[in-house]
Colleague: 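Quick one: the structure is below, and I'll ask about it shortly.
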Amino acid sequence: MPDIKNHAIEKEAGCLTIDKTLQREINLAKNIQVQLLNGKEPILEGAEISGISIPARQVGGDYFDFYSLESGKIRIVIGDVMGKGIPAAMLMILTRGAFRSASENTRNPGEALTAINTALYEDLRILKSFVTLFCADWDPKTGCLTYANAGHHLPLCINGNRNAVKELTKVSGVMIGGLPKQVYKEAFCQLEESDLVFFYTDGIIEAKNKNGEQYNRNRLVETLFQNINRNVKNIENAVIKSVENFTENSEQRDDITMVLMKKK
Amino acid sequence: MSLQIKQVYDNAKIVYEINGVLDISTAYIIEEVLAELPETSKIEQLILDFTNLEFIDSTGIGSIMTAIHYAVERQFEIKLENIKDSTREIFEMMGIFQIIDNLFQGDSKCLI
(Lines give C-alpha, C1' and ligand atoms only; values in the text may rest on other atoms or scores of the structure.)
Protein backbone atom coordinates (compact mmCIF):
# COMPACT_ATOMS: atom_id res chain seq x y z
CA MET A 1 0.00 0.00 0.00
CA PRO A 2 1.49 3.37 -0.92
CA ASP A 3 2.47 5.66 1.89
CA ILE A 4 -0.14 8.36 1.41
CA LYS A 5 1.37 10.69 3.98
CA ASN A 6 4.85 10.61 2.40
CA HIS A 7 3.39 10.95 -1.07
CA ALA A 8 1.60 14.12 0.05
CA ILE A 9 4.80 15.54 1.49
CA GLU A 10 6.68 14.78 -1.73
CA LYS A 11 3.98 16.50 -3.77
CA GLU A 12 4.10 19.50 -1.48
CA ALA A 13 7.88 19.59 -1.71
CA GLY A 14 7.56 19.50 -5.51
CA CYS A 15 5.25 22.53 -5.37
CA LEU A 16 7.66 24.32 -3.11
CA THR A 17 10.50 23.66 -5.57
CA ILE A 18 8.38 25.06 -8.42
CA ASP A 19 7.42 28.06 -6.29
CA LYS A 20 11.05 28.74 -5.44
CA THR A 21 12.16 28.37 -9.07
CA LEU A 22 9.37 30.64 -10.21
CA GLN A 23 10.20 33.18 -7.52
CA ARG A 24 13.85 33.13 -8.52
CA GLU A 25 12.93 33.67 -12.16
CA ILE A 26 10.61 36.55 -11.24
CA ASN A 27 13.45 38.10 -9.25
CA LEU A 28 15.76 37.75 -12.25
CA ALA A 29 13.09 39.28 -14.50
CA LYS A 30 12.73 42.14 -12.03
CA ASN A 31 16.47 42.63 -12.05
CA ILE A 32 16.52 42.74 -15.88
CA GLN A 33 13.75 45.32 -15.91
CA VAL A 34 15.30 47.49 -13.21
CA GLN A 35 18.66 47.44 -15.01
CA LEU A 36 17.13 48.33 -18.35
CA LEU A 37 14.82 50.99 -16.97
CA ASN A 38 17.30 52.68 -14.74
CA GLY A 39 20.10 53.13 -17.20
CA LYS A 40 22.38 56.13 -17.13
CA GLU A 41 20.53 59.40 -17.16
CA PRO A 42 21.94 61.61 -19.90
CA ILE A 43 23.86 64.74 -19.00
CA LEU A 44 22.08 67.58 -20.73
CA GLU A 45 23.43 70.88 -21.85
CA GLY A 46 21.28 73.63 -20.32
CA ALA A 47 18.92 71.31 -18.48
CA GLU A 48 18.79 68.57 -15.86
CA ILE A 49 16.85 65.34 -16.21
CA SER A 50 15.75 62.48 -14.03
CA GLY A 51 13.40 59.50 -14.25
CA ILE A 52 12.03 56.75 -12.03
CA SER A 53 9.60 53.86 -12.34
CA ILE A 54 8.08 52.09 -9.35
CA PRO A 55 6.14 48.95 -10.32
CA ALA A 56 3.00 48.01 -8.39
CA ARG A 57 4.08 44.37 -8.54
CA GLN A 58 7.57 42.91 -8.82
CA VAL A 59 7.72 43.87 -12.46
CA GLY A 60 5.60 46.38 -14.34
CA GLY A 61 4.43 47.72 -17.67
CA ASP A 62 5.46 51.37 -17.35
CA TYR A 63 8.37 52.54 -19.41
CA PHE A 64 10.63 55.53 -19.79
CA ASP A 65 13.82 55.97 -21.72
CA PHE A 66 16.30 58.48 -23.13
CA TYR A 67 18.14 58.31 -26.42
CA SER A 68 20.90 60.57 -27.73
CA LEU A 69 20.25 61.46 -31.35
CA GLU A 70 22.95 62.19 -33.92
CA SER A 71 21.63 65.73 -34.26
CA GLY A 72 22.66 66.41 -30.67
CA LYS A 73 19.08 66.29 -29.44
CA ILE A 74 17.91 64.00 -26.66
CA ARG A 75 14.81 61.88 -27.22
CA ILE A 76 12.63 61.21 -24.17
CA VAL A 77 9.86 58.63 -24.08
CA ILE A 78 7.38 57.61 -21.40
CA GLY A 79 4.72 54.97 -21.76
CA ASP A 80 2.30 52.56 -20.21
CA VAL A 81 1.60 49.04 -21.43
CA MET A 82 -1.94 47.71 -20.92
CA GLY A 83 -2.21 45.62 -17.76
CA LYS A 84 0.22 44.93 -14.97
CA GLY A 85 2.80 42.43 -13.80
CA ILE A 86 4.67 39.89 -15.92
CA PRO A 87 2.59 40.14 -19.16
CA ALA A 88 2.92 43.93 -19.16
CA ALA A 89 6.66 43.69 -18.39
CA MET A 90 7.22 41.41 -21.38
CA LEU A 91 5.54 43.93 -23.68
CA MET A 92 7.43 46.79 -22.05
CA ILE A 93 10.71 45.15 -23.09
CA LEU A 94 9.31 44.73 -26.62
CA THR A 95 8.41 48.43 -26.65
CA ARG A 96 11.88 49.40 -25.48
CA GLY A 97 13.45 47.51 -28.38
CA ALA A 98 11.08 49.16 -30.84
CA PHE A 99 11.77 52.62 -29.40
CA ARG A 100 15.54 52.25 -29.55
CA SER A 101 15.45 50.86 -33.07
CA ALA A 102 13.03 53.61 -34.22
CA SER A 103 15.21 56.30 -32.63
CA GLU A 104 18.19 55.13 -34.64
CA ASN A 105 16.33 55.72 -37.88
CA THR A 106 13.96 58.63 -37.36
CA ARG A 107 14.52 62.37 -37.20
CA ASN A 108 11.58 63.47 -35.07
CA PRO A 109 9.20 62.14 -32.39
CA GLY A 110 6.18 61.79 -34.69
CA GLU A 111 8.16 59.63 -37.09
CA ALA A 112 9.45 57.59 -34.16
CA LEU A 113 5.91 56.83 -32.95
CA THR A 114 4.87 55.86 -36.49
CA ALA A 115 7.84 53.48 -36.72
CA ILE A 116 7.10 51.96 -33.30
CA ASN A 117 3.43 51.46 -34.21
CA THR A 118 4.39 49.86 -37.53
CA ALA A 119 6.78 47.52 -35.74
CA LEU A 120 4.40 46.51 -32.95
CA TYR A 121 0.89 46.79 -34.41
CA GLU A 122 0.38 43.19 -35.52
CA ASP A 123 1.86 41.66 -32.37
CA LEU A 124 -0.23 43.89 -30.13
CA ARG A 125 -3.44 43.09 -32.06
CA ILE A 126 -2.80 39.35 -31.74
CA LEU A 127 -2.17 39.80 -28.01
CA LYS A 128 -5.20 42.13 -27.62
CA SER A 129 -2.96 44.69 -26.01
CA PHE A 130 -1.73 48.23 -26.56
CA VAL A 131 0.81 50.76 -25.32
CA THR A 132 0.41 54.48 -24.77
CA LEU A 133 3.54 56.51 -25.50
CA PHE A 134 4.56 60.15 -25.30
CA CYS A 135 7.75 61.00 -27.17
CA ALA A 136 9.67 64.29 -27.12
CA ASP A 137 12.91 65.58 -28.62
CA TRP A 138 14.85 68.15 -26.60
CA ASP A 139 17.12 70.45 -28.56
CA PRO A 140 19.70 71.94 -26.16
CA LYS A 141 20.83 74.48 -28.78
CA THR A 142 17.43 76.11 -29.22
CA GLY A 143 15.69 75.16 -25.95
CA CYS A 144 12.83 73.72 -27.98
CA LEU A 145 10.91 70.60 -27.00
CA THR A 146 9.13 68.93 -29.94
CA TYR A 147 6.67 66.20 -29.06
CA ALA A 148 4.13 63.69 -30.36
CA ASN A 149 1.59 61.57 -28.55
CA ALA A 150 0.17 58.07 -28.92
CA GLY A 151 -2.67 58.01 -26.40
CA HIS A 152 -0.72 59.18 -23.35
CA HIS A 153 -1.21 61.98 -20.79
CA LEU A 154 0.28 65.29 -21.85
CA PRO A 155 3.12 66.26 -19.53
CA LEU A 156 2.76 69.16 -17.13
CA CYS A 157 4.91 72.21 -17.66
CA ILE A 158 5.51 74.49 -14.68
CA ASN A 159 7.38 77.76 -14.85
CA GLY A 160 9.50 78.17 -11.74
CA ASN A 161 9.89 81.94 -12.04
CA ARG A 162 6.19 82.71 -12.33
CA ASN A 163 5.00 79.63 -10.39
CA ALA A 164 2.43 79.01 -13.07
CA VAL A 165 1.29 76.08 -15.18
CA LYS A 166 2.31 76.60 -18.77
CA GLU A 167 -0.26 75.01 -21.06
CA LEU A 168 1.34 72.75 -23.64
CA THR A 169 -0.28 72.60 -27.07
CA LYS A 170 -2.44 69.50 -27.09
CA VAL A 171 -1.49 66.76 -29.52
CA SER A 172 -3.33 63.51 -29.63
CA GLY A 173 -2.84 60.31 -31.53
CA VAL A 174 -4.06 56.74 -31.37
CA MET A 175 -2.33 54.45 -28.87
CA ILE A 176 0.32 52.08 -30.23
CA GLY A 177 -1.48 48.95 -31.42
CA GLY A 178 -4.78 50.79 -31.95
CA LEU A 179 -4.70 51.25 -35.73
CA PRO A 180 -2.14 50.49 -38.44
CA LYS A 181 -0.36 53.13 -40.55
CA GLN A 182 -0.73 56.02 -38.13
CA VAL A 183 0.76 59.45 -38.64
CA TYR A 184 1.44 61.29 -35.39
CA LYS A 185 1.15 65.06 -35.35
CA GLU A 186 3.78 67.10 -33.53
CA ALA A 187 3.74 70.26 -31.45
CA PHE A 188 6.54 72.15 -29.80
CA CYS A 189 7.22 74.28 -26.76
CA GLN A 190 9.98 76.82 -26.33
CA LEU A 191 11.23 76.25 -22.80
CA GLU A 192 12.28 79.19 -20.65
CA GLU A 193 14.66 79.32 -17.72
CA SER A 194 13.33 77.29 -14.75
CA ASP A 195 10.63 75.56 -16.79
CA LEU A 196 9.98 72.07 -15.46
CA VAL A 197 8.46 69.48 -17.77
CA PHE A 198 6.90 66.63 -15.80
CA PHE A 199 6.12 63.50 -17.83
CA TYR A 200 4.09 60.90 -15.93
CA THR A 201 1.90 57.80 -16.03
CA ASP A 202 -1.59 57.52 -14.55
CA GLY A 203 -0.39 55.52 -11.53
CA ILE A 204 0.45 58.87 -9.89
CA ILE A 205 -2.82 60.74 -10.39
CA GLU A 206 -4.95 57.62 -9.86
CA ALA A 207 -3.22 56.56 -6.62
CA LYS A 208 -5.99 56.14 -4.03
CA ASN A 209 -6.16 56.81 -0.32
CA LYS A 210 -8.10 54.72 2.17
CA ASN A 211 -11.30 56.68 1.43
CA GLY A 212 -11.04 55.82 -2.24
CA GLU A 213 -10.11 59.38 -3.28
CA GLN A 214 -7.58 59.79 -6.08
CA TYR A 215 -4.36 61.79 -5.71
CA ASN A 216 -5.39 63.58 -8.93
CA ARG A 217 -3.76 66.21 -11.11
CA ASN A 218 -4.44 69.15 -8.75
CA ARG A 219 -2.47 67.61 -5.88
CA LEU A 220 0.34 66.80 -8.28
CA VAL A 221 0.47 70.39 -9.55
CA GLU A 222 0.44 71.68 -5.96
CA THR A 223 3.36 69.40 -5.03
CA LEU A 224 5.31 70.57 -8.08
CA PHE A 225 4.65 74.22 -7.18
CA GLN A 226 5.88 73.65 -3.62
CA ASN A 227 9.13 72.09 -4.81
CA ILE A 228 9.75 73.91 -8.07
CA ASN A 229 12.95 75.60 -6.90
CA ARG A 230 14.67 72.33 -6.04
CA ASN A 231 16.68 70.12 -8.40
CA VAL A 232 14.91 67.41 -10.38
CA LYS A 233 15.96 64.52 -8.12
CA ASN A 234 14.60 66.32 -5.07
CA ILE A 235 11.36 67.20 -6.87
CA GLU A 236 11.04 63.53 -7.90
CA ASN A 237 11.50 62.43 -4.26
CA ALA A 238 8.99 65.04 -3.09
CA VAL A 239 6.35 63.69 -5.49
CA ILE A 240 6.95 60.11 -4.33
CA LYS A 241 6.73 61.23 -0.68
CA SER A 242 3.57 63.22 -1.33
CA VAL A 243 1.85 60.26 -3.03
CA GLU A 244 2.95 57.97 -0.17
CA ASN A 245 1.62 60.40 2.43
CA PHE A 246 -1.66 60.73 0.55
CA THR A 247 -2.20 56.99 0.17
CA GLU A 248 -1.04 56.39 3.77
CA ASN A 249 1.07 53.53 2.45
CA SER A 250 -1.97 51.57 1.31
CA GLU A 251 -1.32 49.02 -1.43
CA GLN A 252 0.06 50.54 -4.64
CA ARG A 253 -2.47 49.60 -7.33
CA ASP A 254 -0.67 50.73 -10.46
CA ASP A 255 2.87 51.31 -11.69
CA ILE A 256 4.15 54.82 -11.00
CA THR A 257 6.56 56.45 -13.44
CA MET A 258 7.80 59.98 -13.95
CA VAL A 259 10.44 61.82 -15.93
CA LEU A 260 11.43 65.35 -14.97
CA MET A 261 13.32 67.79 -17.15
CA LYS A 262 14.16 71.26 -15.93
CA LYS A 263 15.73 74.01 -18.00
CA LYS A 264 18.55 75.78 -16.19
CA MET B 1 -13.80 45.40 -6.72
CA SER B 2 -16.66 43.94 -8.66
CA LEU B 3 -18.32 44.12 -12.01
CA GLN B 4 -21.77 43.06 -13.03
CA ILE B 5 -22.85 43.11 -16.63
CA LYS B 6 -26.59 43.14 -17.10
CA GLN B 7 -27.61 41.96 -20.54
CA VAL B 8 -30.84 43.35 -21.99
CA TYR B 9 -32.07 41.83 -25.24
CA ASP B 10 -34.47 43.76 -27.43
CA ASN B 11 -35.05 41.98 -30.74
CA ALA B 12 -31.91 42.53 -32.79
CA LYS B 13 -30.34 44.76 -30.15
CA ILE B 14 -28.35 43.74 -27.10
CA VAL B 15 -27.39 46.15 -24.33
CA TYR B 16 -24.57 45.42 -21.89
CA GLU B 17 -25.01 47.59 -18.82
CA ILE B 18 -21.59 47.83 -17.22
CA ASN B 19 -22.02 48.17 -13.47
CA GLY B 20 -18.97 48.67 -11.26
CA VAL B 21 -15.25 48.57 -11.85
CA LEU B 22 -13.81 47.56 -15.23
CA ASP B 23 -10.18 46.83 -14.43
CA ILE B 24 -7.51 44.13 -14.48
CA SER B 25 -9.50 41.95 -12.05
CA THR B 26 -12.82 42.14 -13.91
CA ALA B 27 -12.17 42.92 -17.60
CA TYR B 28 -12.24 39.22 -18.57
CA ILE B 29 -15.99 39.25 -17.87
CA ILE B 30 -16.57 41.33 -21.03
CA GLU B 31 -14.84 38.66 -23.10
CA GLU B 32 -16.87 35.95 -21.37
CA VAL B 33 -20.23 37.57 -22.10
CA LEU B 34 -19.20 38.24 -25.72
CA ALA B 35 -18.19 34.60 -26.09
CA GLU B 36 -21.62 33.54 -24.82
CA LEU B 37 -23.38 35.21 -27.77
CA PRO B 38 -24.33 32.35 -30.08
CA GLU B 39 -22.82 32.44 -33.57
CA THR B 40 -26.31 32.12 -34.99
CA SER B 41 -27.81 35.05 -33.05
CA LYS B 42 -29.45 37.72 -35.15
CA ILE B 43 -28.01 40.61 -33.17
CA GLU B 44 -27.49 43.70 -35.30
CA GLN B 45 -26.56 46.23 -32.64
CA LEU B 46 -24.39 45.98 -29.53
CA ILE B 47 -24.68 48.78 -26.98
CA LEU B 48 -22.22 49.27 -24.13
CA ASP B 49 -23.94 51.38 -21.48
CA PHE B 50 -21.47 53.09 -19.11
CA THR B 51 -24.04 54.77 -16.82
CA ASN B 52 -22.87 52.83 -13.76
CA LEU B 53 -19.18 52.48 -14.59
CA GLU B 54 -17.22 53.40 -11.45
CA PHE B 55 -13.64 53.07 -12.70
CA ILE B 56 -11.80 51.88 -15.78
CA ASP B 57 -8.09 51.08 -16.14
CA SER B 58 -5.96 50.15 -19.15
CA THR B 59 -7.06 46.49 -19.06
CA GLY B 60 -10.67 47.72 -19.01
CA ILE B 61 -9.93 49.85 -22.09
CA GLY B 62 -8.45 46.71 -23.65
CA SER B 63 -11.76 44.88 -23.09
CA ILE B 64 -13.63 47.73 -24.84
CA MET B 65 -11.21 47.32 -27.76
CA THR B 66 -12.00 43.60 -27.79
CA ALA B 67 -15.74 44.41 -27.97
CA ILE B 68 -15.11 46.85 -30.86
CA HIS B 69 -13.13 44.27 -32.84
CA TYR B 70 -15.73 41.63 -32.02
CA ALA B 71 -18.44 43.92 -33.46
CA VAL B 72 -16.36 44.42 -36.62
CA GLU B 73 -15.93 40.65 -37.04
CA ARG B 74 -19.59 39.86 -36.42
CA GLN B 75 -20.75 42.90 -38.43
CA PHE B 76 -22.75 44.41 -35.59
CA GLU B 77 -23.30 48.07 -35.06
CA ILE B 78 -21.64 49.18 -31.83
CA LYS B 79 -22.73 52.08 -29.71
CA LEU B 80 -21.06 53.47 -26.56
CA GLU B 81 -23.66 55.17 -24.38
CA ASN B 82 -23.78 57.38 -21.30
CA ILE B 83 -20.05 57.94 -21.00
CA LYS B 84 -19.10 60.21 -18.09
CA ASP B 85 -16.86 63.19 -18.90
CA SER B 86 -13.85 61.72 -17.09
CA THR B 87 -14.15 58.44 -19.03
CA ARG B 88 -14.79 60.28 -22.31
CA GLU B 89 -11.58 62.22 -21.72
CA ILE B 90 -9.64 58.94 -21.36
CA PHE B 91 -11.30 57.44 -24.47
CA GLU B 92 -10.47 60.59 -26.45
CA MET B 93 -6.89 60.70 -25.22
CA MET B 94 -6.28 57.07 -26.19
CA GLY B 95 -7.98 57.36 -29.56
CA ILE B 96 -10.92 54.99 -28.94
CA PHE B 97 -13.32 57.12 -31.00
CA GLN B 98 -10.77 57.45 -33.81
CA ILE B 99 -10.35 53.67 -33.82
CA ILE B 100 -14.11 53.16 -34.05
CA ASP B 101 -14.46 55.78 -36.79
CA ASN B 102 -11.68 54.16 -38.74
CA LEU B 103 -12.87 50.56 -38.36
CA PHE B 104 -16.44 51.44 -39.27
CA GLN B 105 -15.48 54.02 -41.90
CA GLY B 106 -18.24 54.61 -44.43
CA ASP B 107 -20.35 52.02 -42.73
CA SER B 108 -22.06 54.30 -40.18
CA LYS B 109 -22.23 51.36 -37.83
CA CYS B 110 -20.80 53.04 -34.80
CA LEU B 111 -22.89 55.58 -32.97
CA ILE B 112 -21.33 57.35 -30.03
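Treat the numbers as computed from the prediction; the structure is a model and nothing was measured. Just so we're on the same page: letters track the sequence lines, and every chain starts at 1.
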Colleague: Side chain of B:S58, backbone of A:G83: donor and acceptor closer than 3.5 Å?
Modeller: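 Side chain of B:S58 to backbone of A:G83: a pair is present.
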
Colleague: Any chance NZ of A:K170 has more than 12 other-residue heavy atoms, nucleotides or ligands included, within less than 6.0 Å?
Modeller: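 No, NZ of A:K170 has 12 or fewer neighbouring heavy atoms, counting only those of other groups under 6.0 Å.
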
Colleague: Side chains of A:H152 and B:M93, heavy atoms from C-beta outward: is any pair under 4.5 Å?
Modeller: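 Of all side-chain heavy-atom pairs linking B:M93 with A:H152, none is under 4.5 Å.
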
Colleague: Got a salt bridge between B:D57 and A:R253, using NZ or NE/NH1/NH2 to carboxylate O under 4.0 Å?
Modeller: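 Salt bridge flag = no for A:R253 with B:D57.
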
Colleague: Roughly how far, to the nearest 0.5 Å, is CG of A:L179 from CD1 of B:I100?
Modeller: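 That separation rounds to 10.5 Å.
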
Colleague: Using the side-chain contact (heavy atoms from CB on, under 4.5 Å) rule, pick out the option among A:R125, A:K128, A:M82 that qualifies with B:M65.
Modeller: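 By the side-chain contact (heavy atoms from CB on, under 4.5 Å) criterion, B:M65 pairs with just one of A:R125, A:K128, A:M82: A:R125.
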
Colleague: By a 4.5 Å heavy-atom criterion (distance strictly below it), what part of B:I68 contacts chain A: side chain, backbone, both, or neither?
Modeller: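 Interface part for B:I68: neither.
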
Colleague: Return yes when atom CG of A:N211 has more than 12 non-hydrogen atoms of other residues, nucleotides or ligands closer than 6.0 Å, and no otherwise.
Modeller: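 Counting neighbours around CG of A:N211, more than 12 heavy atoms of other residues, nucleotides or ligands fall under 6.0 Å, so yes.
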
Colleague: Heavy-atom count around A:E122 CD within 6.0 Å, excluding the residue itself: above 12?
Modeller: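 At most 12 heavy atoms, drawn from other residues, nucleotides or ligands, come within 6.0 Å of this atom.
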
Colleague: Is it true that atom NZ of A:K185 has more than 12 heavy atoms of other residues, nucleotides or ligands lying nearer than 6.0 Å?
Modeller: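 Not more than 12 within 6.0 Å, no.
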
Colleague: Is the count of non-hydrogen atoms from other residues, nucleotides or ligands lying under 6.0 Å from A:F246 atom CZ greater than 12?
Modeller: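 Buried by this count: over 12 neighbours within 6.0 Å.
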
Colleague: Name the region of B:E31, side chain, backbone, both or neither, that has any atom closer than 4.5 Å to a heavy atom of chain A.
Modeller: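 For B:E31, the contact with chain A is made by the side chain alone.
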
Colleague: Identify the heavy atoms of A:T132 and B:M94 that sit nearest to each other, and give their distance.
Modeller: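 Looks like CG2-CE, 3.5 Å.
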
Colleague: What distance separates A:Q182 CD from B:N102 CG, expressed to the nearest 0.5 Å?
Modeller: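 The distance works out to 6.5 Å.
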
Colleague: Under a 4.5 Å heavy-atom cutoff, which of A:G85, A:G151, A:G178, A:G173 has the most pairs with chain B?
Modeller: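 Result: the option with the highest number of such pairs is A:G151.
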
Colleague: Tell me whether the count of non-hydrogen atoms from other residues, nucleotides or ligands lying under 6.0 Å of NZ in A:K166 goes above 12.
Modeller: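 Yes, because the 6.0 Å sphere around NZ of A:K166 holds more than 12 heavy atoms from other groups.
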
Colleague: How long is the gap from CZ on A:F130 to CD1 on B:I96, to the nearest 0.5 Å?
Modeller: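 Between A:F130 CZ and B:I96 CD1, I get 7.0 Å after rounding to 0.5 Å.
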
Colleague: Where does B:I24 contact chain A at under 4.5 Å (heavy atoms): side chain, backbone, both or neither?
Modeller: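 It is the side chain, since no backbone atom gets that close.
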
Colleague: Counting only heavy atoms not in B:E89, do more than 12 fall under 6.0 Å of its CD?
Modeller: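 No, not enclosed.
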
Colleague: Supply the atom-to-atom distance A:Q214 CD to B:S86 OG, rounded to the nearest 0.5 angstrom.
Modeller: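 Nearest 0.5 Å value for the CD-OG distance: 8.5 Å.
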
Colleague: Heavy-atom count around A:R107 CZ within 6.0 Å, excluding the residue itself: above 12?
Modeller: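 Counting neighbours around CZ of A:R107, 12 or fewer heavy atoms of other residues, nucleotides or ligands fall under 6.0 Å, so no.
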
